[in-house]
Every structure is written in structure tokens, then in C-alpha cells.
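Have a look at the structure below, then the notes.
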Number of protein chains: 2
Amino acid sequence: MDMVERRPRKQSATRLTAGDWTSAALDAMARGGLAAVAVEPLATHLGATKGSFYWHFANRDALIEAALQRWESDHTDAVITLVEAQPDPLARLRTLIAMVMESTAGPQADSIELAMLATASHPHVAPVLARVTERRVAYTAELFEALGLPAVEARHRALLAVSAYLGHAQLAHAAPQVVPGTAAERSAYVDRIIRLVTAPGDDRQE
Amino acid sequence: MDMVERRPRKQSATRLTAGDWTSAALDAMARGGLAAVAVEPLATHLGATKGSFYWHFANRDALIEAALQRWESDHTDAVITLVEAQPDPLARLRTLIAMVMESTAGPQADSIELAMLATASHPHVAPVLARVTERRVAYTAELFEALGLPAVEARHRALLAVSAYLGHAQLAHAAPQVVPGTAAERSAYVDRIIRLVTAPGDDRQE
DNA sequence: GGAGGAACATACGCCACCGTATGGAGGTGC
DNA sequence: GCACCTCCATACGGTGGCGTATGTTCCTCC
């Protein structure tokens, strides 16, 4: 609720850059979804007016595109590079699942991700989301393959894992009381999930 | 795209009921989300004017509440009663998972469900979604308990199963190309999921 | 230290939707 | 057949956001 302090220092920052607008757009998106990315409210929030905005951007759509693009690049690199630091595939998979699961918990969950999913049909959101999702599934499938699973099996488990993540994010958002609350419970739950999705390929008969 | 035929017969149906408006509201929600539940567009779609609407409802919020209430009651009963027809817990679980997974496929997926998730933060949507979600998790956990799993374990698997469903719905919506396309592939994928979530409780050491 | 452009503010018209006020059509009771 | 109530149409004012036009400030370069 704290107001954004305008003219904070002396010289710089009294003038805005296009990046300031996209940052504010992503903030607004985290709070109120894509609908909250509105020019005039953003201008008020930044202590400016529309005149500034329409200098940096052609229209609202251009701002949305810029924000989505930045989210995609920022977001994609972050997780994967972190996971790649792990030594072996199992540790990577474990790190990956634990990370993303934890990211959906707490008061400051990844709201932008939820906002993206909530607006998946939007013409500008759809391609971004499709690319990110496809990349996630492909990368997770690679990890399962590195564990020795055949391709089809690996892809199935990757789909399940990514679905579990997306679904868990929705669960934590829509019904927070049903998901494990304490860190210890979450840890046990994540362990259980990891064991289930990494269970050895069974040879049970149908 | 076919227009709604107004004044189709002779006497009745020239006048609308409150139910007609809630039906139209749910239709609109399936197409364009909660934002599409707008009075004037709905009136146009129904071949009427706002004058009619504001006779049956106090305001837009009242319509939304009525639509959500009807969705909750209609929706909750449908699935569970169908699943309860199965003889044993395993068959019920299998039927449940297969049903909901299939419901997210094809061109006519359950769009209302996605619209609900997309607007989970809305003050009227949140409680409805919380109730439905909690009920689903509790019921699924019951099925796992009936399979002989201890309570905590059953709840974890139920959470995973419901997450997988929600996530799969998002996946199919956001990145249709990554989910199994043909019925046969979907069937194999569902089989794989069922085997993973119903895998015998392991006793592997950490 | 003045010219010119970059970065803004101000003011305007426009559109979509909400909600209200009021009048009018159509059935119903008697 | 007329009063009456139900259901709806028409017309209006209000709000919030988009985009444009034009004035205004500040910075820069020479």
C-alpha cells in the first residue's frame, strides 16, 4: 500500500524509461492479472501521466508484448541454469521439483505465472505460454531420459510432473487450506511426489 | 456462431426467466471468462435489453452469484455420482481419473472450469472454488484410503492426483501440442498416471 | 545562452459497460 | 373492458479506460 515515491533522488529517476513501464506492468500483472495492466492506473501508480507512456509505447498492446517478452526471457533462464548446477540427473530432477513446488507456496507465490495461466487464451499470452510450457516439458523429459527411462515413458512422466506443478500452483491459489501448510509437511509431500514420479518402470501386467 | 433465435414459438419464450439469464451467463463464461458476463452483451445475445435483466436481478454481481451457485451444484453432483456407480475403489479411481482427464481434451473442454480457475481470486469465485476443490481432494483421498493406504499417504496421493488433473487442464489449454493428441495416446498416458499414483507404498530407504 | 529535440503534462473525444428512471405492452382477475 | 401487475424497452447519466493533439519543461550541444 506504500505509495511509490516520485522524484526520489535529485537528478535521475524523475524521468521514466520504457523498462520502468514494463516493470510496473509486470507488477500490476502479479497483483491483478492482465486486466490490471491499464495505462492510466499504471501512470498514476508511477506518479506520471499517459503522456509519458504514449511516448515510450505505441499503445497498451505494445506494453503487454514487451512485458511478456521480458517475463519469458527472465523466467526461462533462471530456473534451468540453477538446476543445471546439480551434479546428476536425479539431483537435478529433485531440485527442479522442489524449487517449483516451493515457489507456489507462501504469501508471495509466483503470481505472474498464475496470471499468465489465467489469461492463456489472450492472443499475446498464448504463444509465450506455449513456448515456456513446451520447453519445460522437454527439459523435464530429458531428465527422465537421463535416468534411463525410454522416450515415451520419460515424456509421460514429464507431462505428469509439469501437470503436478501447474496443478499445485492452482491448488495453492484456489484452495490454500488443502495443500500442506508447514515447511516440514511440504517437504514430505514433495518427497512423496518425487518417489512416485521416479518410481522404477513397473512390469506389472494389466 | 449461430444467433440465438428469439421469439421462436408463439406464446412462451418471448419472455425470459432468471434461469435463462444464468444459463446465458454460464455460456458467456465458458467463452470469454468472467469478464464476458456483462449485462449489455448478454442482453444483445438474448435478443433483449437491460430492462429485462434488471427486472430479474439487482445487478451484475447477483447474476454472477447465481451462475456460480448453479455451476457448483450442477457440477459437484455429476462426477461423483457417476464414479460411485463403479464396484470397487480401484475401478472408481480409474474411472475418476480417466473421466476428468478426458474432459480436458478435445475442442470442447470444460471451459467453465478453466474460467473459474482463471478468476480464482474473485471474491465470489474464491469460496465456490475452495469448496469444490476441497471436496475433490477429500473424495479422492477416501478412494486411496479404501485402497489400503494410510491417511497421510492417501492425502498426498490425492493432492497429486487432483493437481495432475488441474495441471493437465492447464496444459491442454495453454500448450495443446504437448499433450497426447490421439485417443490411444491419451489412454496410454492415463494408464501410466494411474499406475504411478496407485503404485504400492514403497519401502525404499532415502 | 539560445535552438532543438526528448520526455513529459494537459485536455479532449471516444467507446463499453453499469445502473436508474420511466413509460409501454401484454396477460389476468373480476 | 378496465384496473392491475408483470415483464420489458427506451432513454439517460455516470465511470473508467483508450488513444490523440498540443502545449510545456528540461536537457544537450555548440
Exercise. What's the CZ-P distance between A/F53 and D/dA21, to the nearest Å?
Worked result: 16 Å

For this session: Name all pairs fulfilling the salt bridge (Lys or Arg N to Asp or Glu O under 4.0 Å) condition that reach into residues 113-132 of chain B, sequence neighbours left out, sorted by first residue then second.
Result: B/E72-B/R131, B/E113-B/R136

For residues 117-129 of chain A, run the donor-acceptor check on the side chains, cut-off 3.5 Å, and write out each pair with its distance to 0.1 Å, sequence neighbours left out.
{"unit_1": "A/T119", "atom_1": "OG1", "unit_2": "A/A115", "atom_2": "O", "d": "2.7"}
{"unit_1": "A/S121", "atom_1": "OG", "unit_2": "B/H173", "atom_2": "NE2", "d": "2.9"}
{"unit_1": "A/H122", "atom_1": "ND1", "unit_2": "A/H124", "atom_2": "N", "d": "3.0"}

Exercise. Which residue pairs pass the side chain to side chain donor-acceptor pair (under 3.5 Å) test with at least one member in residues 140-151 of chain A, sequence neighbours excluded?
Worked result: none

Problem set entry | Contacts of A/T182 that satisfy side chain to side chain contact (heavy atoms under 4.5 Å, CB included) - sequence neighbours left out | A/A184, A/E185

Exercise. Which residues satisfy the side chain to side chain contact (heavy atoms under 4.5 Å, CB included) test with B/E134, sequence neighbours excluded?
Worked result: A/Q177, A/V178

For this session: Using the test side chain to side chain contact (heavy atoms under 4.5 Å, CB included), find all partners of A/A66 that sit at least two apart in sequence or belong to another chain.
Result: A/T22, A/F57

Exercise. Does anything in residues 22-45 of chain B pair up under salt bridge (Lys or Arg N to Asp or Glu O under 4.0 Å), and if so which pairs, sequence neighbours excluded?
Worked result: B/E40-B/K50

Problem set entry | side chain to side chain contact (heavy atoms under 4.5 Å, CB included) against B/A141, all qualifying residues, sequence neighbours excluded | B/A158

Exercise. Between atom CG in A/L16 and atom P in C/dA6, what is the gap in whole Å?
Worked result: 17 Å

For this session: Among residues two or more places apart or on two chains, list those pairs meeting salt bridge (Lys or Arg N to Asp or Glu O under 4.0 Å) that have a residue in residues 80-89 of chain A.
Result: A/E84-A/R92

Exercise. When you measure from every atom of DNA chain C, which of residues 57-66 of chain B have a heavy atom less than 4.0 Å away?
Worked result: B/N59, B/R60

Exercise. Tell me, which of residues 34-42 of chain B have any heavy atom that sits under 4.0 Å from an atom in DNA chain C?
Worked result: B/A38, B/V39, B/E40, B/P41

Exercise. Can you check whether A/H56 has a side-chain N or O nearer than 4.0 Å to OP1 or OP2 of C/dA6?
Worked result: no

Protein-nucleic acid N or O pairs under 3.5 Å, nucleotides 23-28 of chain C:
none

Problem set entry | Distance-only donor-acceptor check, side chains A/T198 and A/R157, under 3.5 Å | no

Exercise. Separation of A/Y54 atom OH from C/dC12 atom C1', in whole Å?
Worked result: 14 Å

Seminar exercise, completed: Separation of D/dC7 atom P from B/W55 atom CH2, nearest Å, is 6 Å

For this session: Mind calculating the distance between NE2 (A/H45) and C1' (D/dG17) to the nearest angstrom?
Result: 18 Å

Problem set entry | Heavy-atom donor-acceptor pair, A/S23 side chain to A/G19 backbone, under 3.5 Å | yes

